[in-house]
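The structure appears below as structure tokens.
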Amino acid sequence: MFGDIPEEVVDRMRHLEARDAADRLDGTGRLERLRQIPPETGRFIALLAAAAPHGRVIEVGTSGGFSTLWLALACRERGDRLVTFEVLPEKAAIAAETFRVAGVDDLVDLVVDDARNHLDGMSGIAFCFLDAEKEVYRDCYRSVVPNLVPGGLLVADNALSHAEDLQTMIDDAMEDDRVDALVLPIGKGELVCRRPSRAGRAVR
């Protein structure tokens, strides 16, 4: 999977990394600032998504499509498609360009809307990557976890860099008998939740 990444994907990843670095230096707070994951997080989520059980692969928070490219590599490995949600039209436009120039638009369905309008009805989720505005994390967690297949995974970014903002959701996950959860010091911190094959009692 990592040994034969298409040149078009590598080029677009480099373009997005350069743009993200420039935006951080700019400091204008523009809406289209990408705030994307580091490459090591991309590799991590791609490995997990490729190994996830049969079911839907989804992403909440597309931004410019950097993390989506990593998940698209996993979906190509799986023979699957990815559904990704972006609420901001400005970022969705950048992402659509990303998928086109990187040649992965056959693997990605981009939904320009708040994911919370869709997640409750999305059954059979095998893998979900959550990297959106922090105030939506808890709602998304509560919608995704009941819809995970046995062995399904939810990975939430920024579990260390924004631990104070996300602590309530992290505590929910750690006390939730429906999942096995831990926080890993990869990138900005990843909360990894896996639904075991045998369901436990629901979180109170």
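Note that these values count all heavy atoms, side chains included, but never hydrogens, waters or copies made by symmetry. Bear in mind that the values here come from a model prediction, so they are computed numbers and not experimental data. Just so you know, residue 1 is the first one in the sequence shown, and it goes up from there.
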Side-chain contact test, heavy atoms from C-beta onward, threshold under 4.5 Å: evaluate it for [X] versus [Y] and give yes or no.
X	Y	answer
Cys193	Val145	no
Lys188	Thr41	no
Glu97	Arg12	yes
Met174	Leu191	yes

query = Where do Gly64 and Leu16 come nearest, in terms of heavy atoms and distance?
reply = O-CD1, 3.7 Å

key: Least distance between heavy atoms, Ala50 atom then Ala74 atom   = N-CB, 3.6 Å

Given 3.5 Å as the limit, does a donor-acceptor pair link the side chain of [X] with the main chain of [Y], or not?
X	Y	answer
Arg116	Cys140	no
Gln36	Asp20	no
Arg81	Asp106	yes
Lys134	Ala132	yes
Asn147	Leu119	yes
Ser63	Leu34	yes
Tyr137	Asp157	yes
Arg78	Pro53	yes

message = Around atom CD of Glu164, are there more than 12 heavy atoms from other residues, nucleotides or ligands closer than 6.0 Å?
response =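 For Glu164, atom CD is not crowded (no more than 12 foreign heavy atoms under 6.0 Å).
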
key: CD (Glu135) with more than 12 external heavy atoms under 6.0 Å   = yes

key: Any donor-acceptor N or O pair under 3.5 Å, side chains Ser161, Asn158   = yes

inquiry  = If only side-chain N and O atoms count, and only distance matters, is there a donor-acceptor pair under 3.5 Å linking Ser143 with Asp120?
reply    = yes

ask   = Does Val149 belong to the same Ile/Leu/Val/Met/Phe/Trp/Tyr cluster as Ile125, with side-chain heavy atoms less than 4.5 Å apart forming each link?
value =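 Hydrophobic grouping puts Val149 apart from Ile125.
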
task = Establish whether Val101 and Trp70 are linked, either directly or via other cluster members, by ILVMFWY side-chain heavy-atom contacts under 4.5 Å.
result =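 Per the 4.5 Å side-chain linkage, Val101 and Trp70 are not co-clustered.
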
inquiry  = Out of the candidates Thr98, Thr68, Thr84, Asp131, only one should pair with Thr62 under the side chain to side chain donor-acceptor pair (under 3.5 Å) rule; please name it.
reply    =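 Considering Thr98, Thr68, Thr84, Asp131, a side chain to side chain donor-acceptor pair (under 3.5 Å) with Thr62 is found only for Thr84.
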
